[in-house]
Structures are given as C-alpha cells and as structure tokens.
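Data first, discussion second: the structure below is written as structure tokens.
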Amino acid sequence: MPQQFYARDALDVARDLLGKRLCRGAVRLRITEVEAYRWPGDTANHCRAGRTRRNEPMWGPAGCAYVYLCYGMHWMLNLVTGDTGEGAAVLIRSAEIESGLAIVRRRRAGLQGPPLCAGPGRLAAALGLDARFNHHPLHVHGGLEVCEGEPPAAILEGPRVGIDFASPGDRKAPWRLAEASSKWVTHRSRFQG
DNA sequence: TCTACGATCTTT
DNA sequence: AAGATCGTAGAT
C-alpha cells in the first residue's frame with residue numbers, strides 16, 4: 001500500500017486494513033483483527049501524555065511501524081497513521097496465515113499449540129518481529145509490507161482490549177474491528193451481537 | 001536511580 | 001485467577 005493509504009484517521013485505516021495482506025518474505029498473513037488508537041483525545045493511546053522515547057515512531061510519518069515490548073515478553077506491531085506530528089496508529093491483533101506456515105511454526109518454537117496467529121503477541125511472533133522493526137516503513141517494497149487483499153463481507157465492532165486505565169468513554173469506544181466470519185479473532189464474546 | 005505497571009498469553 | 005518477565009514512564 002502507498003504511504004497515502006496510512007495518512008488518514010486511524011479508525012478509517014483500521015477498517016481498510018481488514019482483509020489486506022501483511023507480508024515478510026515467504027510469510028503472508030491476511031489481517032482479521034485490528035484496533036485504532038486515534039488522535040487527539042484518545043486516553044488509551046500511548047501518545048496521550050505527549051512525546052516519549054517509546055512512542056517516538058507514532059509522531060513520525062504515516063506507514064511506518066511502531067513496535068514495542070508489552071508485559072515484558074510480547075512484541076506488538078502497530079502501523080502509524082495520520083499526519084506527521086499526530087500520535088495515532090493501528091494495532092494489528094490477528095491474522096490468518098496464507099503462506100509460510102512452516103516458517104511461522106519454527107518462529108513460534110518457544111510458544112505452544114494453535115491458534116498460531118490470533119492475538120497481537122502471536123502475530124508479531126509469527127512475523128519474527130522485534131525492536132529492529134521499529135520505524136520500519138511498510139510502504140517501501142522489500143522487508144515487511146502490506147499488500148492488497150479482499151475486504152471482509154461483514155465487520156464486527158467492539159471496545160478495545162486491555163485498556164482499563166483509559167477514560168470510561170474511550171473504554172467503550174467501538175474501535176476494535178474484526179472480520180465477522182473469521183476464526184482468527186480474539187475475545188469474540190466482547191463484540192456486540 | 002528507583003519502582004509500579006502494562007495495547008499479553010498460558011495454565012490452573 | 002494468577003504467574004512469567006522487562007522496558008518505559010514518572011517520580012526522586
């Protein structure tokens with residue numbers, strides 16, 4: 001996807017990322033679940049308190065990766081959105097493995113059992129991501145990139161996961177999006193009927 | 001420096 | 001319901 005694709009409101013980018021393909025070498029994943037961290041005023045957003053060393057990529061140009069370590073053990077992949085100077089991003093939470101299953105299994109050697117690619121920690125592990133991918137431009141060919149794909153027929157919308165510290169309004173905001181028909185979605189019961 | 005805690009995942 | 005496990009942020 002061109003850089004322009006990412007230079008919009010995180011919620012719009014999140015919706016359009018569903019069904020797109022996330023590729024690194026032979027590993028190709030179809031995105032099934034995402035979360036938008038918007039700007040400004042989103043109290044769940046890592047940038048809520050301004051610029052810090054960790055959230056640096058989020059203030060930079062759209063289309064770059066924001067990769068950070070969560071709970072001391074899981075890498076999270078975010079794609080920076082909006083204009084430079086705004087702190088917004090989309091967290092990629094789950095995907096379906098379209099190719100490169102053997103490589104993904106190898107990378108997940110330390111973890112156990114299926115599902116292989118549901119949940120943001122597993123997804124980053126499947127792609128073999130770590131701090132080296134922080135700031136990586138997704139819109140540049142080669143390395144890690146996002147390619148065209150078929151959009152989902154129906155989309156589920158619900159509150160984001162793991163943000164109990166945010167304001168009541170932001171905790172309720174339906175900014176987690178998922179492909180309704182996909183098996184590769186976490187916390188299904190938390191979506192509206 | 002010091003310390004509390006987190007956009008998770010697994011097993012119980 | 002809780003443990004693994006460590007970088008970050010805000011306070012000192």
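Because only heavy atoms are used, hydrogens play no part in the values below, and waters and symmetry mates are left out as well, while side chains stay in. Residue numbers start from 1 in every chain, and the chains themselves are labelled A, B, ... in the order their sequence lines are given, proteins ahead of strands.
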Pair assignment for C:dT5, Watson-Crick or G-U wobble, requiring both distances under 3.5 Å: none
Nearest to side-chain heavy atoms of A:Ala49, which nucleotide of C:dG10, B:dA7, C:dC6: C:dG10
A:Glu179 bridged to A:Arg30 by N-O distance under 4.0 Å: yes
Ring-face cation contact, A:Phe133 with A:Arg24, 6.0 Å cut, 45° max: no
Distance in angstrom units between A:Leu129 CG and B:dT8 C1', rounded: 16 Å
Sugar-phosphate, base or nothing in reach of A:Ala44, heavy atoms under 4.0 Å: base
Any donor-acceptor N/O pair, A:Arg38 side chain to A:Ala10 backbone, under 3.5 Å: no
Donor-acceptor side-chain pairing of A:Tyr66 and A:His135 below 3.5 angstrom: no
A:Tyr6 six-ring face occupied by A:Arg8 cation (under 6.0 Å, within 45°): no
Length of the line joining A:Tyr71:OH and B:dA7:P, which is rounded to integer Å: 5 Å
Between B:dG6 (C1') and A:Asp164 (CG): distance, integer Å: 11 Å
Side chain proximity check, A:Val34 to A:Val13, heavy atoms < 4.5 angstrom: no
Identity of whatever pairs with B:dC2 - Watson-Crick or G-U, under 3.5 angstrom: C:dG10
Separation of atom OH in A:Tyr68 from atom P in B:dT8, rounded to whole Å: 7 Å
Touch class at under 4.0 angstrom, heavy-atom based, for A:Arg54 against every strand present: sugar-phosphate
Under 5.5 Å and under 30°: A:Tyr37 stacked on B:dA7: yes
Integer-rounded Å distance: B:dA7 P and A:Glu33 CD: 16 Å
Nearest-angstrom distance from the residue atom CZ of A:Arg48 to P of C:dT8: 15 Å
A:Ala180 backbone acceptor or donor facing A:Arg188 side chain under 3.5 Å: yes
Distance test, side-chain N/O of A:Thr52 to OP1/OP2 of C:dA9, below 4.0 Å: yes
Nearest-Å distance for atom pair CZ/P, residues A:Arg53 and C:dG10: 14 Å
Side-chain (A:Thr32) to main-chain (A:Trp184) donor-acceptor, under 3.5 angstrom: yes
Contact list for DNA chain B against residues 165-175 of chain A - heavy-atom distance below 4.0 Å: A:Phe165
A:His74 side-chain proximity, nearest of C:dG7, B:dT8, B:dA7: B:dT8
Rounded distance (Å) that lies between atom P of B:dA7 and atom CG of A:Leu177: 19 Å
Sugar-phosphate only, base, or nothing, as touched by A:Leu91 at under 4.0 Å among non-hydrogen atoms: base
B:dC5 versus C:dA2 - spacing of their P atoms, nearest Å: 16 Å
Sugar-phosphate only, base, or nothing, as touched by A:Met73 at under 4.0 Å among non-hydrogen atoms: base
